[in-house]
Asker: 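Have a look at this one before I ask anything.
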Amino acid sequence: MDTWSQYFLKWVISNPAVTCALPATTNPAHLAENVAAMRGELPDAETRDRMVRHMETIPGFDELATMPWYPGKTFNGLVSTAQAAVRKRSPWWPS
C-alpha cells in the first residue's frame with residue numbers, strides 16, 4: 001500500500017461483510033489511488049485489527065465520525081437529483 005486511500009480501502013474491502021465499496025472522488029489522481037487498492041493481497045482479520053490499532057494512535061482519529069463526509073463539496077449526482085425530485089413531489093419527504 002502506497003497511500004492512505006489504499007490503506008483504508010483495503011481495510012474496507014477485506015471485511016467479509018462488505019460486498020461492494022463505492023469510494024467517491026472528483027479527482028482523477030485519487031481515482032487512480034483507489035483503483036490501486038485492488039492490487040496485492042487483502043489483509044486478514046488479524047491484520048485488519050492491527051490496522052485499526054495503528055489508526056487509533058493517530059491524534060484526531062477518534063473524531064472522524066463527527067466530521068462531515070466531504071467538507072465544502074456538494075455532489076449533484078443521480079441519487080441527490082432523484083432525492084430532490086421526490087422532495088418536490090412529496091410533502092412528507094424529510095428535508
Side-chain angles (χ1 to χ4, degrees):
M1 291 174 275
D2 298 322
T3 67
W4 283 114
S5 61
Q6 292 170 15
Y7 185 92
F8 291 121
L9 280 171
K10 278 202 179 276
W11 182 82
V12 169
I13 64 177
S14 66
N15 186 315
V18 173
T19 58
C20 180
L22 301 172
T25 183
T26 56
N27 183 321
H30 294 169
L31 171 65
E33 290 177 8
N34 293 344
V35 170
M38 294 187 293
R39 294 189 191 111
E41 292 185 34
L42 293 176
D44 59 16
E46 182 182 329
T47 304
R48 282 194 309 276
D49 289 342
R50 216 170 60 238
M51 292 167 80
V52 170
R53 286 194 306 275
H54 172 70
M55 292 308 301
E56 290 171 337
T57 68
I58 297 174
F61 180 74
D62 60 335
E63 299 170 15
L64 283 177
T66 64
M67 297 177 180
W69 284 27
Y70 303 101
K73 288 190 175 184
T74 56
F75 294 94
N76 297 318
L78 181 64
V79 172
S80 56
T81 302
Q83 288 173 334
V86 170
R87 275 189 216 100
K88 282 184 179 178
R89 293 191 313 263
S90 304
W92 54 266
W93 186 271
S95 304

Asker: To the nearest 0.5 Å, what is the distance between CH2 on W4 and CD on E33?
Answerer: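 The CH2 atom of W4 sits 13.0 Å away from the CD atom of E33.
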Asker: Closest approach of R48 and P16, non-hydrogen atoms and distance?
Answerer: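 The answer is NH2-CD, 3.7 Å.
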Asker: Measuring from atom CG of N15 to atom CD1 of I13, what distance do you get when rounded to the nearest 0.5 angstrom?
Answerer: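 Interatomic distance, N15 CG to I13 CD1, rounded to 0.5 Å: 11.0 Å.
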Asker: Are side-chain heavy atoms of R50 and T47 found at a separation under 4.5 Å?
Answerer: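 Heavy-atom side-chain distance check passes, below 4.5 Å.
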Asker: How long is the straight-line distance from CG of N34 back to CG of N27, given to the nearest 0.5 Å?
Answerer: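 So the CG of N27 and the CG of N34 are separated by 9.5 Å.
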Asker: Could you tell me if the side chain of L42 sits less than 4.5 Å from the side chain of K10, heavy atoms only?
Answerer: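 Heavy-atom side-chain distance check passes, below 4.5 Å.
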Asker: Within the side chain of S14, is there an N or O that forms a donor-acceptor pair under 3.5 Å with the backbone of W11?
Answerer: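 Yes; at least one donor-acceptor contact below 3.5 Å.
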Asker: Between Y7 and M55, is any pair of side-chain heavy atoms under 4.5 Å apart?
Answerer: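 They are in contact (side-chain heavy atoms under 4.5 Å apart), so the answer is yes.
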Asker: With a cutoff of under 4.5 Å between side-chain heavy atoms, which Ile, Leu, Val, Met, Phe, Trp and Tyr residues group with M38?
Answerer: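 The other cluster members (ILVMFWY side chains, heavy atoms under 4.5 Å, direct or chained) are L31, V35.
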Asker: So how far is it from L9 CG to Q6 CD, rounded to the nearest 0.5 Å?
Answerer: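 Rounded to the nearest 0.5 Å, the CG-CD separation comes to 8.5 Å.
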